[in-house]
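What follows is one structure encoded as C-alpha cells, with my remarks underneath.
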Amino acid sequence: MNTNRRPCKLIRRLIRQLRKLNLFSRLLMVFCTLLIVSTIFITFFNHNSYAREMETGLIKYLSVLVQNASFKLDQERGRFEEQMTRLILSDHFLEALVENKSLQERVAAGDADAVRRYGENTKSIEQTLLLAKKRQDGIKAMIFVMDEDQYSMAAGENDSRGAFIRDLDSFHESEIYTQAVAAQGYPVWRDSVKDAPDLFFESSDAKFGIEGCITLSYQVYQPGTRKPLGVLVCCIYPKYFTNALSEYSSQNGGNTFIVGENGMVEGISAGFSAPPFIQQRSGLLKRIFSQHQGNLMLEADDQQLLASFCGQPDFPLHIVNLTYREHIMDKVDQLGRINILIMCLVILIGSGGFYLTAVSISYPVNKLIRSMKRVGAGDFSAVYKAESHDEIGVLCSEFDHMVSDMKSLIDRVYVAELRENALELSQKTAQLDALQMQINPHFLYNTLDMIRWECMYEAGGESAASDMIEKFCTLLRMTIKGDQKEETVHDSLLHASTYLDVVNFRHTNKILLETDLSFDPCAYMIPCLALQPILENAVRHGFEVDQENDRLISITGEVSDKNRLVLRISDNGSGMSQEQLEALRENLSSTEITKNGIGLRNVNQRCHLCYGQEYGIHIDSKLGKGTVVTLTVPLKPTV
C-alpha cells in the first residue's frame with residue numbers, strides 16, 4: 001500500500017471520522033481484529049498444522065521445564081557436595097581419623113591411654129558428622145567406614161543413632177564402596193533404593209534397613225601421604241529433592257517425576273488428574289539413562305503420553321515429565337470449532353478496520369517524517385500544521401513549537417555565545433601581545449651597539465664607557481626573544497645578574513646577588529623577563545643611597561608539593577610601611593593596561609593571562625627589614 005499517495009475523498013472522510021477516536025483505541029481495535037482473524041484463518045485452513053505447532057510448542061515447553069528442573073537439581077547436588085567436601089577437608093576431622101587409625105593396635109592390646117584417646121577422637125568424629133548433617137537439610141544418616149571400623153553420627157536431640165553397617169565385608173563388596181574407591185576422592189552418587197536396606201540400619205539391633213535413599217560417597221585420604229583412610233557415606237532423602245523442585249511440579253495434563261537409575265521414582269507434587277508413572281518403568285528408565293535428554297511418545301492404558309526427560313550423565317537422578325497428548329488435541333479441536341462460527345464476520349470487519357486505522361496513522365506520521373527531514377537539513381520553515389486533536393496531532397503541534405523554539409535558541413544563545421567567546425579570545429590575545437611589546441628593546445639595542453663601536457674607535461680599544469655599553473647591550477640582547485613567551489630559570493637568572501652588573505657601574509656601594517635553588521635551573525621554564533623587573537624594583541625602591549651595610553639581593557627557589565615552582569626574591573633594604581604595601585598590592589591586582597609602571601605589575605598580569613589567577617606575584621615587606629617578592633608559576637619542565 002502506498003501510504004504517501006493522498007487517499008480518495010470517501011476514504012479521507014472515513015479517516016476523519018476514525019481519527020475522532022484516540023490512538024490507543026484505534027490500535028487496540030486493530031490488534032484484537034488481527035488476533036481473531038489470524039486465529040480463525042490458521043484454524044480453518046491449517047487445522048492439522050496448527051495442532052502440530054501446539055504439540056511442538058508444548059514439547060519445547062516441557063523440554064525447558066525439565067531442563068530447568070534438572071539445572072535446579074544439579075544446584076542442590078552441588079550443595080551436598082560442597083558440604084561433604086568441606087567435611088573431608090576439615091583438619092580436625094582428618095586428624096582424629098588418622099590418630100584413631102594409628103591407635104588401633106594399641107587399643108587392641110588394651111593400652112588405657114590409647115583407649116582414652118581413641119574414645120575422645122571417636123566422639124569428636126561423631127559430633128563432626130552430626131554437625132555436617134545439621135548444616136544441610138535432607139540428610140538421613142552419615143557414616144564413615146574404615147577397613148575394620150566405622151563411625152556414625154552422634155545422637156542428637158530426637159535423633160536415633162543414624163546409621164550402622166552390620167556386615168562390613170558386604171559393604172566393601174558393594175558398588176557404593178567400590179565406586180567411591182575407584183573415583184579416587186571425587187564424589188560418587190548412587191540410587192541406592194536396592195542396596196541401602198541390606199547395608200545400612202538405624203542401629204545395630206534394628207530389624208529393617210534404611211529404605212528409599214540416595215547415597216553420596218567419597219574416598220578420604222590421609223593428608224600429605226595420600227594414603228586411603230576410608231569412605232564417607234551420606235544417605236539422603238529423595239523427598240528433599242522433590243521439595244526443592246516443587247515449582248516445577250506439573251502443568252495442566254502432566255506430572256513431573258524424579259527417577260533413579262536403579263528404579264527409584266518420586267513424584268514432584270504429582271496430581272491424580274495427570275498420568276502416573278507407567279508400569280513398564282524398566283524400559284523407560286533404560287532409555288532415559290542411555291540418552292539423558294530427549295522426548296518420547298508412549299502408549300499406556302490406551303492413551304498416548306508425551307515423555308520429556310533431562311539429566312546429567314554423571315548423576316543417578318533424572319527429571320521426567322509425563323503429559324497426556326489428548327489434553328493438547330482437545331483444546332485445538334475446541335478452538336477450531338469456535339473460530340469457524342465467527343470466521344466470515346471477523347474477516348470482513350478486520351480487513352476494513354485494519355485498512356482505515358493503518359491509513360489514519362501512517363499518513364500523518366509520514367507527513368511528519370518529511371517535515372523532520374527538512375528541519376534536519378536546516379530548513380526551519382518546515383512545519384506540520386496539525387489538523388486533528390488526537391495523539392498524533394498533539395505530537396505534530398509540539399513538533400512545530402520545538403522547531404520554533406530551536407530556531408530562536410540558535411539565534412539568541414548559540415550565535416551570541418560564539419561571538420562572546422571569539423571576543424574574549426581576541427581580547428586576551430591583544431592584552432598578552434600588548435604587555436609583551438611594552439618591553440621589546442630592539443631599536444635601543446641596535447643604537448647602543450653603534451655607540452659602543454664608536455667609543456672603542458675613539459679610545460683605540462676597550463674603555464670604561466665601552467665596557468658599560470657592552471654590558472648594557474648584553475642586557476638588551478637578552479630581552480629580544482622574538483615570539484618566545486617562556487625561558488629557563490637559568491636564562492632568567494643570567495639576565496638578572498647582567499642587569500645588576502649594569503646597575504653597579506654607577507654605584508660605589510655595589511649590590512650583591514646570591515642564589516640558592518633546590519632544583520636544576522635549566523630544567524624548568526618561567527615567563528620571559530620575569531626576574532629582571534623584580535630586581536629593578538628592589539634597586540630603585542628598596543635601597544637607600546647612603547645605606548651603610550652591604551646591599552644584598554637573595555634569590556631562592558623550590559618545587560612545591562602542588563606541582564608549582566616558587567621563587568623568592570628578597571632584599572635587605574629599607575622595606576615598606578603597611579600602607580605602602582597595601583597600595584602596591586592593590587596596584588598589582590588592577591587589570592588596566594597603561595604605558596607606565598611596567599615592572600612588577602607587568603610580570604603579574606602576564607602570569608595571570610598565561611597560567612590563571614592563582615599564579616603570579618605576592619609581596620611581603622616590613623619597614624626597616626626589607627622586602628620579599630614571591631613568584632609562583634606552574635611546574636613546566638623544559639622539553
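Hydrogens, waters and symmetry mates are skipped; everything else that's a heavy atom, side chains included, is used. It should be emphasised that the depicted structure is a prediction, and the values quoted were computed from it without experimental measurement.
For the pair Leu94 and Gln222, the minimum side-chain heavy-atom distance is 4.5 Å or more. Annotation: side chain of Ser90 is not in contact with side chain of Arg86 (no heavy-atom distance under 4.5 Å). With a 4.5 Å cut-off on side-chain heavy atoms, Arg606 and Leu529 count as touching. Taking the side chain as every heavy atom from C-beta outward, Trp189 and Phe80 approach each other to under 4.5 Å. Two residues are said to be in side-chain contact when any heavy atoms from C-beta on lie closer than 4.5 Å; Tyr611 and Pro527 meet this criterion. Using a 4.5 Å heavy-atom threshold, the side chains of Ile553 and Ile511 count as touching. Counting heavy atoms from C-beta outward, Leu129 and Phe93 have side chains that approach closer than 4.5 Å.
Between Ile125 and Ala96, the closest heavy-atom pair is CG1-CB, 3.7 Å. A pairwise comparison of heavy atoms in Arg226 and Tyr221 identifies O-CD2, 3.3 Å as the closest pair. For the residue pair Val603 and Pro533, the shortest heavy atom distance occurs at CG2-CG, 3.8 Å. Residues Lys72 and Tyr248 come closest through the heavy atom pair CB-CE1, 3.9 Å. For Ile139 against Ala132, the heavy-atom pair with the smallest separation is CD1-O, 4.1 Å.
Looking at Arg135, its side chain never comes within 3.5 Å of a backbone N or O of Leu130 through a donor-acceptor pair. Remark: side-chain polar atoms of Gln219 are not paired, donor with acceptor, to backbone N or O of Ala183 under 3.5 angstrom. A donor-acceptor contact shorter than 3.5 Å is absent between the side chain of Ser124 and the backbone of Glu120. Between the side chain of Ser70 and the backbone N or O of Val66, no donor-acceptor pair lies under 3.5 Å.
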Review item, side-chain donor-acceptor pairs of residues 513-525, under 3.5 Å, at least two apart:
residue	atom	partner	partner atom	Å
Ser518	OG	Gly557	O	3.1
Asp520	OD1	Cys522	N	3.1

Show me, pair by pair, the donor-acceptor contacts under 3.5 angstrom made by side chains of residues 567-578, not counting sequence neighbours?
residue	atom	partner	partner atom	Å
Asp571	OD1	Gly573	N	2.9
Asp571	OD1	Thr627	N	3.4
Asn572	OD1	Leu552	N	2.9
Asn572	ND2	Asp550	O	2.7
Ser574	OG	Gly542	O	3.4
Ser577	OG	Gln580	N	3.3
Ser577	OG	Gln580	OE1	3.3
Gln578	NE2	Glu582	OE2	3.0

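Shown here are the side-chain hydrogen bond (donor to acceptor under 3.5 Å, both in side chains) partners of His618, two or more places apart in sequence or in another chain: Asp620. Not counting sequence neighbours, Asp137 has no partner by the salt bridge (Lys or Arg N to Asp or Glu O under 4.0 Å) test. In this view, Gln312 satisfies the side-chain hydrogen bond (donor to acceptor under 3.5 Å, both in side chains) rule with no residue, not counting sequence neighbours. With sequence neighbours left out, Glu614 forms a salt bridge (Lys or Arg N to Asp or Glu O under 4.0 Å) with no residue at all. Gln136 is linked by a side-chain hydrogen bond (donor to acceptor under 3.5 Å, both in side chains) to Tyr240, counting only residues two or more places apart in sequence or in another chain. Evaluation of the salt bridge (Lys or Arg N to Asp or Glu O under 4.0 Å) rule for Lys625 yields no partner, not counting sequence neighbours. Residues forming a salt bridge (Lys or Arg N to Asp or Glu O under 4.0 Å) with Arg564 (at least two apart in sequence, or on another chain): none. In terms of the side-chain hydrogen bond (donor to acceptor under 3.5 Å, both in side chains) criterion, Ser554 has no residue partners (sequence neighbours excluded).
For His541, the NE2 atom is densely surrounded, since the number of other residues' heavy atoms within 6.0 Å is greater than 12.
How far CE of Met142 is from CG of Leu216: 8.5 Å, rounded to the nearest 0.5 Å. Of the inter-residue distances, the one linking Ile88 atom CD1 with Leu97 atom CG reads 11.0 Å to the nearest 0.5 angstrom. A distance of 11.0 Å separates CG of Leu531 from CG of Leu494, quoted to the nearest 0.5 Å. To the nearest 0.5 Å, atoms CD (Glu536) and CG (Leu500) are separated by 10.5 Å. Rounded to the nearest 0.5 angstrom, Gln605 CD and Ile617 CD1 are separated by 10.0 Å. Taken to the nearest 0.5 Å, the OH atom of Tyr615 stands 15.0 Å off from the CD1 atom of Ile526.
In summary, Glu82 and Arg79 do not engage in a salt bridge, as defined by a charged side-chain N under 4.0 Å from a carboxylate O.
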Practice task
Could you walk me through whether Val489 and Leu565 pass the side-chain contact (heavy atoms from CB on, under 4.5 Å) test, one step at a time?
Solution key: CA-CA 10 Å; Val489 178; Leu565 189 68; 3.8 Å; yes

Exercise for the section: Under the side-chain contact (heavy atoms from CB on, under 4.5 Å) rule, what do Ile619 and Leu600 come out as? Steps first, then yes or no, please. Expected result: CA-CA 10 Å; Ile619 302 176; Leu600 298 179; 3.7 Å; yes

Exercise for the section: Please assess Phe315 against Asp74 for the test side-chain contact (heavy atoms from CB on, under 4.5 Å), listing each intermediate value before the final yes or no. Expected result: CA-CA 8 Å; Phe315 193 54; Asp74 197 54; 5.6 Å; no

Practice task
Just do the side-chain contact (heavy atoms from CB on, under 4.5 Å) check on Leu631 and Val566 with the steps written out, would you?
Solution key: CA-CA 6 Å; Leu631 173 64; Val566 180; over 6 Å; no

Practice task
Decide side-chain hydrogen bond (donor to acceptor under 3.5 Å, both in side chains) for Asn243 and Ser246; before the verdict, give the C-alpha distance in whole Å, the side-chain angles of both, and the deciding distance to 0.1 Å.
Solution key: CA-CA 5 Å; Asn243 291 338; Ser246 58; over 6 Å; no

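Sorted by first and then second residue, the salt bridge (charged side-chain N to carboxylate O under 4.0 Å, His left out) pairs with a member in residues 90-99 read Glu99-Arg117; sequence neighbours excluded. For residues 628-639, the set of pairs meeting the side-chain hydrogen bond (donor to acceptor under 3.5 Å, both in side chains) definition, not counting sequence neighbours, comprises Glu486-Lys636.
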